[in-house]
Novice: 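The structure under discussion is supplied below as structure tokens; questions concerning it will follow.
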Amino acid sequence: MINAILPFITAIALSGIAAYYSVIGLAQIFPGSYWPIIIMGSVLEAAKLVTVSWLYDNWKETFSALKAYFLIAVVLLMAITSMGIFGYLSKAHIEHSTGITPLVEKEMIYEEKIKTLKENIETNR
């Protein structure tokens with residue numbers, strides 16, 4: 001029983017987490033349309049799971065053209081998911097970098113001041 005439930009729970013957890021970060025990331029990439037992006041991204045993620053499940057259940061009875069269409073659609077939805085996750089991670093990286101940049105600049109200024117003061121001390125000796 002656990003051999004059947006564990007893969008299902010793991011797959012649903014992975015899909016849910018990826019969908020969450022993807023939808024939030026897409027909303028950050030397109031901040032002017034926050035709620036429409038949230039709704040669209042959520043529906044696209046759900047549609048991707050339903051399409052893959054339907055294809056799995058009906059693979060033998062489905063025409064080749066419909067299989068190809070659904071497979072292309074799923075691959076494109078996977079690309080959109082990846083783009084959303086990339087947007088989420090990029091925003092986190094940018095926010096982290098912008099917090100450090102002023103400190104690095106201050107450090108460089110202080111190092112230059114220390115260097116100048118050391119040169120003045122040597123000159124006065």
Side-chain angles (χ1 to χ4, degrees):
M1 181 74 169
I2 191 123
N3 290 339
I5 294 175
L6 187 60
F8 175 75
I9 291 172
T10 305
I12 292 299
L14 179 62
S15 296
I17 290 168
Y20 173 77
Y21 287 120
S22 172
V23 170
I24 297 301
L26 287 171
Q28 291 173 349
I29 292 172
F30 306 105
S33 303
Y34 184 80
W35 285 110
I37 293 292
I38 295 289
I39 293 167
M40 180 200 68
S42 300
V43 171
L44 288 175
E45 291 294 331
K48 180 177 63 174
L49 294 177
V50 169
T51 303
V52 168
S53 177
W54 188 90
L55 264 178
Y56 178 77
D57 289 339
N58 300 297
W59 185 259
K60 291 180 181 175
E61 298 85 28
T62 306
F63 295 110
S64 296
L66 192 57
K67 286 181 194 176
Y69 171 74
F70 281 154
L71 286 174
I72 291 169
V74 167
V75 168
L76 289 174
L77 289 172
M78 289 168 57
I80 291 171
T81 299
S82 297
M83 184 177 72
I85 293 171
F86 178 76
Y88 181 84
L89 295 175
S90 294
K91 184 169 190 259
H93 174 71
I94 289 169
E95 286 176 352
H96 177 71
S97 296
T98 56
I100 291 176
T101 303
L103 297 176
V104 172
E105 291 174 357
K106 282 183 181 180
E107 179 186 11
M108 290 174 59
I109 291 170
Y110 287 136
E111 285 178 357
E112 188 64 33
K113 285 183 179 180
I114 290 170
K115 181 181 172 187
T116 305
L117 289 172
K118 284 182 179 179
E119 288 174 357
N120 287 344
I121 290 171
E122 288 301 317
T123 303
N124 288 334
R125 282 187 184 172

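Note that the structure is a prediction, hence the values are computed from the model and not measured.
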Novice: Same cluster or not: are Ile24 and Phe86 linked, directly or through other Ile, Leu, Val, Met, Phe, Trp or Tyr residues, by side-chain heavy atoms under 4.5 angstrom apart?
Specialist: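 No, Ile24 does not connect to Phe86 through the hydrophobic network.
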Novice: Quick check for you: to the nearest 0.5 Å, what is the distance between Leu49 atom CG and Leu44 atom CG?
Specialist: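 The distance works out to 11.5 Å.
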Novice: I need the Ser42 OG to Leu26 CG distance, nearest 0.5 Å.
Specialist: 9.5 Å
Novice: Are the side chain of Lys48 and the backbone of Met78 linked by a donor-acceptor contact shorter than 3.5 Å?
Specialist: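 No, the answer is negative, given that no donor and acceptor are paired below the 3.5 Å cut-off.
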Novice: Membership question, hydrophobic clusters at under 4.5 Å side-chain separation (ILVMFWY): are Leu77 and Val23 in the same one?
Specialist: no
Novice: Atom CG in Leu14, atom CD1 in Ile9: separation rounded to 0.5 Å?
Specialist: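 Atom-to-atom, Leu14:CG and Ile9:CD1 are 13.5 Å apart.
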Novice: Can you tell me which residue pairs pass the ring-ring contact (aromatic ring centres under 6.0 Å, His included) test with a partner in residues 33-55, sequence neighbours excluded?
Specialist: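 Those involving residues 33-55 are Trp54-Phe70.
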Novice: Give, for atom OG of Ser22 and atom CD1 of Ile17, the distance between the pair rounded to the nearest 0.5 Å.
Specialist: 13.5 Å
Novice: Could you tell me the separation between the CD atom of Glu112 and the CG atom of Leu117, rounded to the nearest 0.5 Å?
Specialist: 10.5 Å
Novice: Atom CG of Asn58 and atom OG of Ser53: how far apart are they, to the nearest 0.5 Å?
Specialist: 8.5 Å
Novice: Shared ILVMFWY cluster between Tyr88 and Ile38, side chains joined below 4.5 angstrom?
Specialist: yes
Novice: Under a single-linkage definition using a 4.5 Å side-chain heavy-atom cutoff for Ile, Leu, Val, Met, Phe, Trp and Tyr, are Ile29 and Ile85 assigned to the same hydrophobic cluster?
Specialist: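 No, separate clusters.
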Novice: Honestly curious: do Leu76 and Met83 fall in one hydrophobic cluster under the side-chain, below-4.5 Å linking rule?
Specialist: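 No, separate clusters.
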Novice: Write down the atom of Ala19, the atom of Glu45, and the distance for their closest heavy-atom approach.
Specialist: CB-CG, 3.7 Å
